[in-house]
Amino acid sequence: MRGIMSLQQRLHPTDAAPHHRPQQLACPSHRPALPLLCAAMRPLTEEETKVVFEKLHKFIGKNIKALVSQGDQPCCLRLQKNRVFYVREDVMRRATNVARDKLVALGACIGKFTHSGKFRLTIGALDLLSQYAKYKVWVKPSAEMQFLYGNHVLKSGLGRITEGTPGYTGVVVYSMSDVPLGFGVTAKSTTECRTADPNAIVVFHQADCGEYLRAEDEL
């Protein structure tokens with residue numbers, strides 16, 4: 001977690017912004033400033049960034065550093081209402097050609113803050129998590145639909161699990177053909193799964209691709 005705080009400044013070019021430039025998002029000197037697209041979309045505060053990074057860290061560990069820059073493309077986080085978006089900075093600049101009142105969203109929505117201030121990853125984060133996931137779980141074909149309907153993964157439906165996976169850590173759930181289906185939190189470690197009862201829960205469900213149909217209006 002020591003690397004989380006050091007990455008916050010890189011995701012927030014406005015944190016070091018001069019006070020006499022209120023109309024721009026100030027960036028490090030080697031990058032052009034990013035215009036403020038709309039009043040409703042803003043950079044995350046330091047505390048909000050910490051909460052988001054802590055949640056991501058449970059799934060991708062030290063790979064969280066790769067989120068800041070994918071190749072030569074720096075990326076950033078933006079908040080619109082209570083939703084957090086992950087977007088490349090060059091896309092931010094191109095979006096200035098869109099009228100502010102026409103801009104609905106920008107980048108990929110990876111999660112949202114609850115009214116109590118807690119952050120919850122949503123199914124939109126699956127693409128990022130599947131790229132950098134530290135621990136993975138594969139479900140049998142007979143258990144795929146159960147998971148895609150929002151149910152937990154049982155031992156009877158478990159196909160494979162990454163060796164050395166601890167209990168109560170973030171995992172990405174895949175089909176046996178390596179298609180990412182969603183993600184959740186392990187209820188048991190790899191060792192415990194070997195001796196678990198067939199009806200025991202091995203992964204607590206958090207999000208799945210079926211939500212694009214079941215909860216279309218909420219995404």
Side-chain angles (χ1 to χ4, degrees), residues 1 4 44 48-64 66-67 77 79-86 105 107-190 192-193 196 199-219:
M1 297 301 293
I4 289 180
L44 277 67
E48 289 168 342
T49 303
K50 181 181 178 182
V51 173
V52 172
F53 274 22
E54 286 176 345
K55 181 69 71 171
L56 289 171
H57 188 270
K58 293 180 179 179
F59 286 86
I60 63 179
K62 294 181 179 179
N63 291 331
I64 196 170
L67 295 181
L77 296 174
L79 184 72
Q80 186 178 43
K81 294 184 179 179
N82 63 336
R83 287 175 166 77
V84 176
F85 291 84
Y86 177 76
C109 179
I110 63 171
K112 60 183 180 181
F113 283 96
T114 64
H115 293 297
S116 61
K118 295 182 179 180
F119 178 70
R120 184 174 70 87
L121 288 170
T122 58
I123 189 59
L126 179 60
D127 183 54
L128 284 177
L129 298 183
S130 62
Q131 291 182 57
Y132 305 109
K134 188 175 181 181
Y135 302 111
K136 304 177 181 181
V137 163
W138 290 262
V139 294
K140 297 177 181 178
S142 59
E144 285 183 19
M145 290 307 297
Q146 294 179 1
F147 181 75
L148 292 173
Y149 274 105
N151 297 309
H152 304 310
V153 178
L154 304 181
K155 167 62 184 304
S156 59
L158 180 65
R160 285 189 293 155
I161 183 172
T162 302
E163 190 65 34
T165 301
Y168 303 102
T169 192
V171 290
V172 174
V173 178
Y174 293 81
S175 68
M176 294 303 291
S177 55
D178 287 327
V179 176
L181 303 176
F183 52 89
V185 174
T186 54
K188 298 182 182 298
S189 66
T190 300
E192 292 172 327
C193 285
N199 293 321
I201 296 174
V202 294
V203 176
F204 294 116
H205 172 280
Q206 284 199 345
D208 67 84
C209 291
E211 293 177 23
Y212 287 114
L213 295 177
R214 300 198 314 273
E216 183 179 2
D217 295 336
E218 300 177 12
L219 297 176

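As the structure is a prediction and not an experimental result, all values here were calculated from the model.
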> Counting only N and O atoms by type, is there a donor-acceptor contact under 3.5 Å from the side chain of T186 to the main-chain atoms of P166?
Replying inline: yes
>> Can you tell me how far apart NE2 (H152) and CD1 (I201) are? Round to the nearest 0.5 Å.
In response: 4.5 Å
> How many angstroms lie between atom CG of L56 and atom CG of L128, to the nearest 0.5 angstrom?
Replying inline: 8.0 Å
> What are the two closest heavy atoms between S156 and K140, and how far apart are they?
Replying inline: O-NZ, 3.3 Å
> About how many Å separate CG of N82 and CZ of F113, when rounded to the nearest 0.5 Å?
Replying inline: 9.0 Å
>> With rounding to the nearest 0.5 angstrom, report the CZ to CD1 distance, R120 to I110.
In response: 12.5 Å
> Does atom CZ of F204 have more than 12 heavy-atom neighbours from other groups under 6.0 Å away?
Replying inline: yes
> Which heavy-atom pair separates C209 from L126 by the least distance, and what is that distance?
Replying inline: SG-CD2, 3.6 Å
> Is a side-chain N or O of R214 found less than 3.5 angstrom from the main chain of L148, in a donor-acceptor match?
Replying inline: yes
>> For a quick test of reading the model, state the closest non-hydrogen atom pair linking P180 to S130 and the distance between them.
In response: CB-CB, 4.1 Å
>> Restricting to non-hydrogen atoms, name the atom on F119 and the atom on L121 that form the minimum distance, rounded to 0.1 Å.
In response: CE2-CD2, 3.5 Å
>> Tell me which pairs pass side chain to side chain donor-acceptor pair (under 3.5 Å) where either residue lies in residues 162-183, with sequence neighbours left out.
In response: W138-D178, E163-R194, S175-S177
>> Working note: K134 + I60, criterion side-chain contact (heavy atoms from CB on, under 4.5 Å); need CA distance, chi angles, decisive distance, verdict.
In response: CA-CA 5 Å; K134 188 175 181 181; I60 63 179; 5.9 Å; no
>> Assess the residue pair F183 and V171 against the criterion (side-chain contact (heavy atoms from CB on, under 4.5 Å)); give the C-alpha distance rounded to whole Å, side-chain angles, the decisive distance to 0.1 Å, and a yes or no.
In response: CA-CA 6 Å; F183 52 89; V171 290; over 6 Å; no
>> Please report the interatomic distance CG(L129) to NZ(K136), rounded to the nearest 0.5 Å.
In response: 11.5 Å
> Which residues pass the side chain to side chain contact (heavy atoms under 4.5 Å, CB included) test with T114, sequence neighbours left out?
Replying inline: S116, K118
> Can you name the closest pair of heavy atoms from N199 and L154 and give their distance?
Replying inline: O-CD2, 3.7 Å
> In terms of heavy-atom contacts, does NZ of K155 have more than 12 from other residues, nucleotides or ligands at under 6.0 Å?
Replying inline: yes
> When you look at V84 and C109, which way does the side-chain contact (heavy atoms from CB on, under 4.5 Å) test go after all the steps?
Replying inline: CA-CA 6 Å; V84 176; C109 179; over 6 Å; no
> Under the 3.5 angstrom rule, does the side chain of D208 hit a backbone N or O of G182 as a donor-acceptor pair?
Replying inline: no
>> The criterion is ring pair (Phe, Tyr, Trp, His ring centres under 6.0 Å); which residues satisfy it with F85, sequence neighbours excluded?
In response: none
>> Rounded at 0.5 Å granularity, tell me how far NE2 in H205 sits from CD in Q146.
In response: 12.0 Å
> Could you walk me through whether V51 and F53 pass the side-chain contact (heavy atoms from CB on, under 4.5 Å) check?
Replying inline: CA-CA 6 Å; V51 173; F53 274 22; over 6 Å; no
